[in-house]
Amino acid sequence: AYYLLKYYGPDRIAIEVVTFGPGIDLVRAGNANRSQVDSLISQGVQFDVCMNTVDTIERETGKKVDLNPRAVKVVAGVAQILALTEKGFTLVRP
């Protein structure tokens, strides 16, 4: 995301990172990369978190998942990806 912002400029690109499954670790409040995530959010990148994944983790562990308060909660990560591609976003996978 950082290099896309650098290449295109924040006014010429919209970036939305959708996290689900083990990927939600990126938007946990205590993540080691929190400062980088917050920096990208400050530059206009949106980080979505799949609440289906969060609900499953909380049910299986009995513990609340502490999330970055700047992450946007979405019902289902995969559904969010489909909705974004229907709006013309390009899917880029790691």
Side-chain angles (χ1 to χ4, degrees):
Y2 169 79
Y3 289 109
L4 288 172
L5 287 171
K6 187 175 176 180
Y7 183 82
Y8 288 104
D11 297 333
R12 296 187 58 222
I13 190 169
I15 302 171
E16 196 159 330
V17 177
V18 181
T19 64
F20 60 97
I24 72 152
D25 287 345
L26 186 62
V27 292
R28 286 183 185 251
N31 184 285
N33 296 309
R34 168 87 184 259
S35 62
Q36 289 95 332
V37 170
D38 285 342
S39 174
L40 289 170
I41 291 171
S42 294
Q43 295 176 70
V45 177
Q46 180 169 310
F47 282 80
D48 298 332
V49 58
C50 173
M51 292 310 293
N52 281 341
T53 299
V54 171
D55 292 343
T56 299
I57 292 169
E58 290 179 346
R59 189 174 53 254
E60 290 177 355
T61 65
K63 297 178 183 175
K64 183 182 181 310
V65 176
D66 193 20
L67 297 170
N68 182 328
R70 298 178 76 186
V72 176
K73 297 175 182 175
V74 297
V75 175
V78 174
Q80 182 71 1
I81 291 169
L82 293 175
L84 290 169
T85 58
E86 288 173 359
K87 290 179 185 177
F89 277 70
T90 301
L91 176 62
V92 178
R93 294 176 15 187

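It should be emphasised that the depicted structure is a prediction, and the values quoted were computed from it without experimental measurement.
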Applying salt bridge (charged side-chain N to carboxylate O under 4.0 Å, His left out) as the test, list every pair that has at least one member in residues 26-36; sequence neighbours left out.
D25-R28, R34-D38

[X] side, atom [atom1]; [Y] side, atom [atom2] - distance, nearest 0.5 Å:
X   : Y   : atom1 : atom2 : result
K64 : E58 : NZ    : CD    : 6.5 Å
Q36 : Y2  : CD    : OH    : 11.5 Å
R70 : S42 : CZ    : OG    : 4.0 Å

[X] and [Y]: same hydrophobic cluster, using ILVMFWY side-chain contacts below 4.5 Å?
X   : Y   : answer
I41 : Y3  : yes
V45 : L67 : yes
V65 : V49 : yes
I57 : M51 : yes
L26 : V54 : yes

Let me have the donor-acceptor pairs involving side chains of residues 81-94, under 3.5 Å, with sequence neighbours excluded, atom names and distances please.
residue : atom : partner : partner atom : Å
T85     : OG1  : I81     : O            : 3.3
T85     : OG1  : L82     : O            : 2.8

Got a list of side-chain donor-acceptor pairs under 3.5 Å for residues 4-24, not counting sequence neighbours?
residue : atom : partner : partner atom : Å
E16     : OE2  : Q46     : NE2          : 3.1
E16     : OE2  : Q80     : NE2          : 2.8
T19     : OG1  : D48     : O            : 2.7

side-chain hydrogen bond (donor to acceptor under 3.5 Å, both in side chains) between E60 and T56, intermediate numbers included
CA-CA 6 Å; E60 290 177 355; T56 299; 5.7 Å; no

Start with the C-alpha gap between F47 and V37, add the side-chain angles, then the distance that decides, and say whether side chain to side chain contact (heavy atoms under 4.5 Å, CB included) holds.
CA-CA 8 Å; F47 282 80; V37 170; 4.0 Å; yes

Taking all non-hydrogen atoms of both residues into account, name the closest pair between A76 and C50 and its distance.
CA-SG, 3.9 Å

